[in-house]
Amino acid sequence: MSDHLLLGIDTGGTYTDAVLFSETAGVVARSKALTTRHDLSVGIAGAVDAVLDQAGASASAIGLVSLSTTLATNALVEGQGGRAGLVMIGFSPEDLKRDGLQDALGSDPVIFLPGGHNVHGGETLLDMTALDQALPQLAKEVSSFAVAGYFAVRNPAHEERVRDRIREISHLPVTCSHELSSKLGGPRRALTTLLNARLVSMIDRLIGACEGFLQSRGIDVPIMVVRGDGALISAAQARLRPIETILSGPAASLVGARHLTGLDNAVVSDIGGTTTDVAVLDQGRPRLDGDGAVVGGFRTMVEAVAMRTFGLGGDSEVRIDDRGLKVRIELGPRRLLPLSLAAFQHGETVLSVLERQLRSAHIGRHDGRFAVRTGLPDEMANGLQPQELALYERIGAVPVPLDSLLANTPRKATLDKLVGRGLVHICGFTPSDAMHVLGRQDQWSREAAQLGAQLMARSRDGSGQPIAQSAEDLAELIAARLTRQSAEAILTSCLAEDGAAIDPAVSLSIDRALKREPGIVGFSLALDRPLVGLGASAPVYYPAIAKMLGAESCIPPEAGVANAVGAVVGQVRAAVTIFVTTPDEGIFIVNGAGPSLRFFDEAQAFAEARDRARAAALTLAGENGAEEPAVILREDIVAPEVEGSRKLVEARFTATASGRPRMAH
């Protein structure tokens with residue numbers, strides 16, 4: 001294995017990172033390129049070509065490519081993704097009210113079909129009439145489908161029949177709930193499946209872009225993708241289950257942080273363009289969230305690192321609350337395209353508009369704001385309403401100032417819908433721009449950042465005074481706000497891990513401790529372990545954040561590419577659960593990873609379940625790209641004593657197969 005170099009790629013909202021890694025020498029080369037949403041392969045090519053050039057290595061030296069990404073996480077945090085049709089088998093409209101499913105569904109279509117199974121796998125007759133009637137029209141309005149059946153984890157037959165019918169007629173991607181989770185809880189499984197369906201085209205484009213680039217360079221090696229729990233899966237499996245890549249980037253950063261720092265115990269905070277992700281390393285391992293990852297306010301059934309994701313990053317929207325006598329600045333959760341980056345890419349188009357707005361004696365409500373297409377394929381615009389389509393056609397690949405685009409208030413709501421669909425970016429002033437004004441970052445256009453800051457500084461507070469005396473003063477206010485909001489995010493995560501229900505944003509004692517305010521009663525706080533800051537901008541922000549939190553600051557030299565490092569040092573891991581239940585005395589039903597089987601002997605049923613779990617886990621690990629995986633079996637048997645005799649309620653046999661990914665030979 002050591003003869004080969006490993007290539008790690010991390011595609012984030014702003015940057016695509018690449019590292020070349022040797023199992024003997026560690027990081028050999030690293031590079032960054034801007035993530036190119038319109039064609040992800042451009043950003044991937046920029047980063048990978050640079051590391052190969054830097055290392056003086058040929059493409060033939062690469063034995064494995066591993067990919068991590070925050071695209072899925074960012075899409076859910078920002079409420080984006082393709083339009084999906086949800087098919088519910090054996091459920092009623094009342095079930096939409098559970099587990100946030102109705103909120104997640106929004107205006108996407110849903111079809112209810114009679115059918116489904118019971119807890120032992122017995123079926124209710126499936127009727128697909130409503131599906132057959134709706135499909136021809138629906139296929140033109142959505143980009144994918146999600147199918148959830150009642151007790152499908154015990155018997156997936158109805159989900160599979162519906163999936164096959166949808167594929168036959170629509171030729172669109174279909175996700176079934178039993179493919180994503182073996183846990184009970186229909187509405188939450190349906191929610192997870194719906195989110196998965198929305199992400200299919202996004203992750204498919206990412207993997208396709210990576211494959212296309214590698215083929216163009218003659219690199220024919222296995223491609224792995226980091227899952228949300230830090231394990232690796234094959235690209236083919238990631239395409240089918242993109243929901244498993246939520247928290248992929250953060251999970252990779254945790255694996256990378258452990259590798260780069262050697263710390264067993266740490267608080268790890270990773271700041272990107274869109275989000276800040278906070279997690280705890282305990283005894284060398286990331287804590288996992290057994291209840292399922294929470295992203296964008298929705299609790300999924302995806303087992304992932306116990307990571308809390310906050311809509312706070314270098315490209316966060318700067319929101320000014322000027323209603324009080326003293327102005328308040330809030331950051332996020334929406335990501336904007338920084339003015340400095342927009343001008344770096346589009347030059348005079350952006351600068352001339354900012355200069356025109358600054359010359360005006362009147363402060364415009366849309367000053368310093370632009371709209372630009374994200375560059376998604378045209379089919380992603382399927383299902384737009386006429387007024388949405390009309391506005392979308394006025395926005396092109398070059399930023400358009402909002403003061404000319406939004407002639408009336410209703411148009412603002414229409415624009416917000418286009419942003420929500422991921423079709424349009426808003427450009428505006430961000431913390432990244434503030435850092436350009438202060439000279440702490442210099443990769444994009446400082447002139448645009450200065451002009452944007454001057455425009456924003458003209459805003460007035462409740463007493464009629466400008467909110468800042470200069471561009472630099474405003475930038476310092478924003479930098480201070482990012483430090484404070486980051487400290488609150490980290491404290492929120494750490495207090496939750498400690499089981500303390502305290503909101504740092506409203507606690508007076510925490511406020512005084514963070515501000516170091518003197519008083520008869522002095523308040524102070526500190527973390528019991530180092531704060532590891534990750535992300536390209538970590539050296540700019542995290543020393544101040546660690547100081548505010550009374551923590552030792554640890555920013556490894558490779559902090560900017562920790563995700564890409566984590567992508568190549570992980571392991572493949574696959575788990576399969578088989579169930580044994582008793583519908584009647586002396587009858588034992590084995591469900592999972594194949595057809596339901598009936599036994600009249602408990603020992604035989606258990607032996608079948610063990611064998612099936614081991615075989616299925618090994619097969620899945622192999623499909624996920626593992627070489628010579630090892631298996632561990634866990635048994636959970638619920639069999640209480642009832643009136644002096646043992647009564648089996650349920651037995652679960654979970655086999656976990658793990659190993660290093662297969663390399664090209």
Side-chain angles (χ1 to χ4, degrees), residues 117-122 151-156 177-186 188-189 192 227-233 237 241 244 282-283 285-293 300-306 571-624 626 628-659:
H117 294 80
N118 63 24
V119 68
H120 305 295
F151 277 112
V153 294
R154 297 297 164 83
N155 189 333
S177 78
H178 75 273
E179 297 165 340
L180 301 178
S181 176
S182 61
K183 293 180 181 175
L184 298 177
R188 183 137 66 96
R189 206 169 60 252
T192 306
R227 216 165 53 186
D229 61 356
L232 301 177
I233 55 173
Q237 293 296 315
R241 301 197 295 274
E244 292 192 359
D282 241 354
Q283 297 174 5
R285 292 184 65 83
R287 292 185 185 175
L288 294 183
D289 189 340
D291 291 332
T300 67
M301 276 187 167
V302 179
E303 187 176 79
V305 291
Q571 282 214 332
V572 176
R573 193 168 59 249
V576 173
T577 301
I578 306 297
F579 302 89
V580 179
T581 57
T582 54
D584 290 303
E585 190 78 34
I587 296 175
F588 304 91
I589 306 291
V590 178
N591 277 310
S596 297
L597 292 181
R598 177 182 294 234
F599 291 86
F600 299 101
D601 179 77
E602 184 186 275
Q604 284 184 341
F606 282 9
E608 168 67 21
R610 290 185 187 102
D611 290 347
R612 192 185 280 200
R614 285 194 193 95
L618 283 168
T619 300
L620 187 55
E623 289 172 355
N624 282 344
E628 300 177 3
V631 183
I632 297 171
L633 186 71
R634 196 183 79 233
E635 303 183 3
D636 297 301
I637 299 169
V638 181
E641 291 278 333
V642 179
E643 296 178 354
S645 65
R646 178 178 170 280
K647 170 69 175 168
L648 177 69
V649 176
E650 180 184 81
R652 296 182 182 200
F653 299 86
T654 302
T656 304
S658 56

- Task: Examine distances only and state if a side-chain atom of Arg634 and a backbone atom of Thr656 form a donor-acceptor pair shorter than 3.5 Å.
- Result: no

Looking at every heavy atom in both [X] and [Y], which two are closest together, and how far apart are they?
X      : Y      : answer
Ala621 : Val572 : O-CG1, 3.9 Å
Ser658 : Gln571 : CB-OE1, 4.1 Å
Leu648 : Ala639 : CA-CB, 4.0 Å
Gly659 : Ala626 : O-CB, 4.4 Å
Glu650 : Phe579 : OE2-CD2, 3.9 Å
Asn624 : Ala574 : ND2-CB, 4.0 Å

- What do you reckon, is CD of Glu641 surrounded by more than 12 foreign heavy atoms closer than 6.0 Å? yes

- For Ile632, does the CD1 atom have more than 12 heavy-atom neighbours from other residues, nucleotides or ligands under 6.0 Å away? no

- Message: Quick check: do Leu618 and Pro629 have side-chain heavy atoms less than 4.5 Å from each other?
- Response: yes

Return the [atom1] to [atom2] distance between [X] and [Y], rounded to the nearest 0.5 Å.
X      : Y      : atom1 : atom2 : value
Thr582 : Glu602 : OG1   : CD    : 8.5 Å
Ile587 : Phe600 : CD1   : CZ    : 5.5 Å
Phe151 : Asn118 : CZ    : CG    : 7.5 Å
Ile233 : Arg573 : CD1   : CZ    : 11.5 Å

Identify all side-chain donor-acceptor contacts of residues 604-612 below 3.5 Å with residues at least two apart in sequence or on another chain.
from, atom 1, to, atom 2, distance (Å)
Glu608, OE2, Arg612, NE, 3.4
Arg610, NE, Glu635, OE2, 2.5
Arg610, NH2, Glu635, OE1, 3.3
Arg612, NH1, Gly592, O, 2.7
Arg612, NH1, Pro595, O, 3.1
Arg612, NH2, Pro595, O, 3.0

- Item | Residues forming a side chain to side chain donor-acceptor pair (under 3.5 Å) with Ser596, sequence neighbours excluded | Asn591

